[in-house]
2 protein chains.
Amino acid sequence: MILEKKKMFNDFSASKGLRSTRQRDIILDIFLSTHQHVSVEELYLKIKSSNPGIGHATVYRTLKLFTEAGLAREILLHDGQTRYEHVVKGEHHDHLVCTGCNSIIEFEDETIEKLQEEVAARHGFLIKNHKMEIYGLCANCRR
Amino acid sequence: MILEKKKMFNDFSASKGLRSTRQRDIILDIFLSTHQHVSVEELYLKIKSSNPGIGHATVYRTLKLFTEAGLAREILLHDGQTRYEHVVKGEHHDHLVCTGCNSIIEFEDETIEKLQEEVAARHGFLIKNHKMEIYGLCANCRR
DNA sequence: CTTACAACTGAAATTGAATATCAAAAGCAT
DNA sequence: ATGCTTTTGATATTCAATTTCAGTTGTAAG
């Protein structure tokens with residue numbers, strides 16, 4: 001699966017005439033090794049610890065490339081930190097965000113996805129992607 | 001409906017021991033007179049034109065209060081501008097966001113809402129609110 | 001009505017994420 | 001190796017949003 005993603009990025013790079021660089025390889029490796037929903041800062045620090053040379057801007061730029069390449073997705077929560085999650089082909093999940101402890105639970109619901117398609121069709125709308133976040137309290141924080 | 005919202009805010013203010021000020025009244029009036037999805041900047045300018053004295057910070061602060069009071073809701077799109085939409089009690093709508101022309105189409109779907117409740121229940125999660133945005137191309141931009 | 005005090009405001013400063021700039025470095029086709 | 005172009009990273013910049021703080025205003029009590 002990791003190899004598959006690397007291939008995805010190589011293909012994307014080739015199709016866009018982008019070059020293969022040490023930095024992008026490292027950032028991709030580390031991104032793929034992180035949990036879901038890494039904030040840019042978090043990823044940057046992780047990268048920095050093993051590769052002090054890599055700059056802030058490069059991490060931002062590269063994450064945008066990953067997004068374009070279809071292997072990451074930007075998610076905006078309400079804390080002013082942009083996060084990136086891993087895109088798994090043919091799979092989409094949404095989020096339960098706990099406002100108590102900031103934990104994120106993922107879920108998938110095919111019926112919801114289908115209904116979204118229907119709504120879009122009704123408006124002549126062509127879906128590129130979507131996101132859904134449900135805010136509230138997780139089981140732990142309810143007590 | 002406008003009166004109802006003003007009452008909501010008065011009740012909220014009273015319960016929180018907040019004071020009633022000229023600025024808050026004005027900002028509420030103008031907020032209620034705007035279309036859905038006003039960006040803070042847009043609202044600020046509108047306010048400024050009839051009430052030059054009112055400051056940036058006050059608009060931000062007051063919109064946060066409206067959100068707490070339950071009559072506005074923050075929405076984050078991907079353009080770095082926080083927007084506020086009007087909350088209508090007992091009604092929830094979601095958004096089709098056109099990446100071509102930035103227009104926003106609202107929709108409601110009760111079945112989706114129900115499914116969300118089910119998902120949440122399955123995880124022992126207590127829903128406070130949620131948002132769903134579907135990105136893509138509107139009927140116009142598809143041509 | 002006055003007083004007293006806490007809440008509120010607004011100008012300005014500050015923060016912090018994200019982007020732009022640009023000279024130096026590194027890929028890559030020839 | 002050469003020459004051209006992309007990429008990088010330090011730095012500066014941008015811009016939304018928040019904080020600060022002295023002055024103002026609402027309001028409850030006297």
Side-chain angles (χ1 to χ4, degrees), chain A residues 9-31 37-69 72-84 102, chain B residues 9-31 37-69 72-84 102:
Chain A
F9 188 60
N10 284 342
D11 292 351
F12 172 80
S13 296
S15 77
K16 291 274 181 181
L18 301 180
R19 290 178 177 170
S20 152
T21 70
R22 197 180 55 87
Q23 288 87 336
R24 287 179 183 156
D25 290 347
I26 291 168
I27 296 173
L28 181 53
D29 270 342
I30 298 183
F31 174 65
H37 321 115
V38 222
S39 69
V40 183
E41 192 56 21
E42 199 181 339
L43 188 64
Y44 172 66
L45 290 176
K46 197 161 176 185
I47 288 166
K48 203 86 183 169
S49 72
S50 49
N51 296 78
I54 293 181
H56 217 169
T58 303
V59 176
Y60 275 95
R61 285 189 284 237
T62 305
L63 284 169
K64 291 232 175 277
L65 290 180
F66 294 168
T67 303
E68 267 188 80
R73 187 184 296 121
E74 260 185 11
I75 51 181
L76 304 177
L77 304 185
H78 285 262
D79 61 353
Q81 290 261 310
T82 297
R83 285 154 213 282
Y84 285 86
N102 284 315
Chain B
F9 188 58
N10 283 342
D11 292 352
F12 172 79
S13 295
S15 77
K16 291 275 182 180
L18 302 181
R19 291 179 178 171
S20 152
T21 70
R22 196 180 57 85
Q23 289 87 337
R24 287 178 184 158
D25 289 347
I26 292 168
I27 296 173
L28 181 52
D29 269 342
I30 298 184
F31 174 66
H37 320 117
V38 223
S39 69
V40 184
E41 191 57 19
E42 200 180 339
L43 188 64
Y44 172 65
L45 291 176
K46 198 162 176 184
I47 289 165
K48 202 86 183 170
S49 73
S50 48
N51 296 77
I54 293 182
H56 217 164
T58 303
V59 176
Y60 274 95
R61 285 189 282 236
T62 306
L63 284 169
K64 292 230 176 280
L65 289 180
F66 293 169
T67 303
E68 265 188 82
R73 186 183 296 120
E74 261 185 11
I75 51 182
L76 304 176
L77 304 184
H78 285 262
D79 62 352
Q81 290 263 308
T82 298
R83 286 155 212 282
Y84 285 86
N102 285 315

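Predicted model only: the values in this text are computed from it and were never measured. Naming: A, B, ... by sequence-line order, numbering from 1 per chain.
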> Can you confirm whether or not the ring centre of B:Phe66 sits under 6.0 Å from the ring centre of B:Phe9?
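Yes, ring centres under 6.0 Å apart.
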
> Strictly distance-based, threshold 3.5 Å: is any side-chain N or O of A:Arg24 a donor or acceptor partner for the main-chain N or O of A:Arg19?
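Yes: the side chain of A:Arg24 pairs with the backbone of A:Arg19.
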
> Base, sugar-phosphate or nothing for A:Gly17? Non-hydrogen atoms, less than 4.0 Å.
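Since no nucleic acid heavy atom lies under 4.0 Å of A:Gly17, the category is nothing.
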
> If I take atom CG in residue B:Leu65 and atom C1' in nucleotide C:dT9, what distance separates them, rounded to the nearest angstrom?
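Taking atom C1' of C:dT9 as the reference, CG of B:Leu65 is at 13 Å.
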
> Looking only at atom types and distance, does a side-chain atom of A:Thr62 sit under 3.5 Å from a main-chain N or O of A:Thr58, one as donor and one as acceptor?
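Confirmed, A:Thr62 side chain pairs with A:Thr58 backbone.
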
> Quickly work out the A:Lys48 NZ to D:dA10 C1' distance and round it to whole Å.
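Value for this atom pair: 10 Å.
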
> Roughly how many Å is it from NE2 in B:His56 to C1' in D:dA17, rounded to a whole number?
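So the two atoms are 8 Å apart, to the nearest Å.
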
> List the steps and the verdict of side-chain contact (heavy atoms from CB on, under 4.5 Å) for A:Arg73 and A:Tyr84.
CA-CA 5 Å; A:Arg73 187 184 296 121; A:Tyr84 285 86; over 6 Å; no

> Can you measure B:Glu42 atom CD to D:dA17 atom P for me and round it to whole angstrom units?
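The distance from CD of B:Glu42 to P of D:dA17 comes to 13 Å, rounded to the nearest Å.
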
> Could you check A:Lys48, A:Glu41, A:Lys46 and say which one makes a side chain to side chain donor-acceptor pair (under 3.5 Å) with A:Tyr44?
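The option that passes is A:Lys48.
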
> Which distance, rounded to the nearest 0.5 Å, do you find between the CG of A:Leu43 and the OH of A:Tyr60?
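Taking CG in A:Leu43 and OH in A:Tyr60, the distance rounds to 10.5 Å.
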
> Could you check whether any side-chain heavy atom of B:Gln81 comes within less than 4.5 Å of a side-chain heavy atom of B:Glu42, counting everything from C-beta outward?
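No, their side chains stay 4.5 Å or more apart.
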
> To the nearest 10°, let me know how far the axis at one end of the helix from C:dC1-D:dG30 to C:dT30-D:dA1 is tilted from the axis at the other, five pairs an end.
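The angle, to the nearest 10 degrees, is 40°.
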
> Going 5' to 3' along nucleotides 22-30 of chain C, which nucleotides have protein heavy atoms under 4.0 Å from the base (write B), which only from the sugar-phosphate (write S), and which from neither (write -)?
----BBS--

> When rounded to the nearest 0.5 angstrom, what distance separates CG in B:Leu18 from CG in B:Leu65?
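Interatomic distance, B:Leu18 CG to B:Leu65 CG, rounded to 0.5 Å: 6.0 Å.
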
> Remember a base hit wins even if backbone is also touched, and classify A:Lys16 as base, sugar-phosphate or nothing at under 4.0 Å, heavy atoms.
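Nothing, no nucleic acid heavy atom in range.
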
> C:dA11, D:dA10, C:dA18: which one has an atom nearest the side-chain heavy atoms of A:Ala57?
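Looking only at heavy atoms from C-beta outward on A:Ala57, the closest nucleotide is D:dA10.
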
> Going through the checks in order, is the side-chain contact (heavy atoms from CB on, under 4.5 Å) test met by B:Arg22 and B:Asn51?
CA-CA 11 Å; B:Arg22 196 180 57 85; B:Asn51 296 77; 4.1 Å; yes

> When you check the phosphate oxygens OP1 and OP2 of D:dT18, does a side-chain N or O of B:Lys64 lie under 4.0 Å from one of them?
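Affirmative; the distance criterion is met.
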
> What integer distance in Å separates A:Leu43:CG from C:dA17:P?
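After rounding, the gap between these two atoms is 14 Å.
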
> Could you measure the distance from the CD1 atom of B:Ile75 to the OG atom of B:Ser39? Nearest 0.5 Å is fine.
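Result: 10.0 Å between the selected atoms.
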
> Send over the distance from B:Leu76 CG to C:dA17 P, rounded to a whole Å.
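Taking CG of B:Leu76 and P of C:dA17, I get 15 Å after rounding.
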
> Could you tell me how far apart A:Asp79 (CG) and C:dG16 (C1') are, to the nearest whole angstrom?
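Spelled out: CG on A:Asp79 to C1' on C:dG16 is 13 Å.
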
> Please enumerate all protein N or O atoms sitting under 3.5 Å from an N or O of nucleotides 12-16 of chain D, with distances to 0.1 Å.
{"residue": "D:dA16", "atom": "OP1", "partner": "B:Gln81", "partner atom": "NE2", "Å": "3.2"}

> For the atom pair OG1 (A:Thr82) and CG (A:Leu76), what is the distance rounded to the nearest 0.5 Å?
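Atom-to-atom, A:Thr82:OG1 and A:Leu76:CG are 5.0 Å apart.
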
> Dump the intermediate steps for side-chain contact (heavy atoms from CB on, under 4.5 Å) on B:Arg83 and B:Val38, then the final yes or no.
CA-CA 5 Å; B:Arg83 286 155 212 282; B:Val38 223; over 6 Å; no

> Round to a whole Å and report the spacing from CD1 of B:Ile54 to P of D:dT24.
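After rounding, the reported distance stands at 17 Å.
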
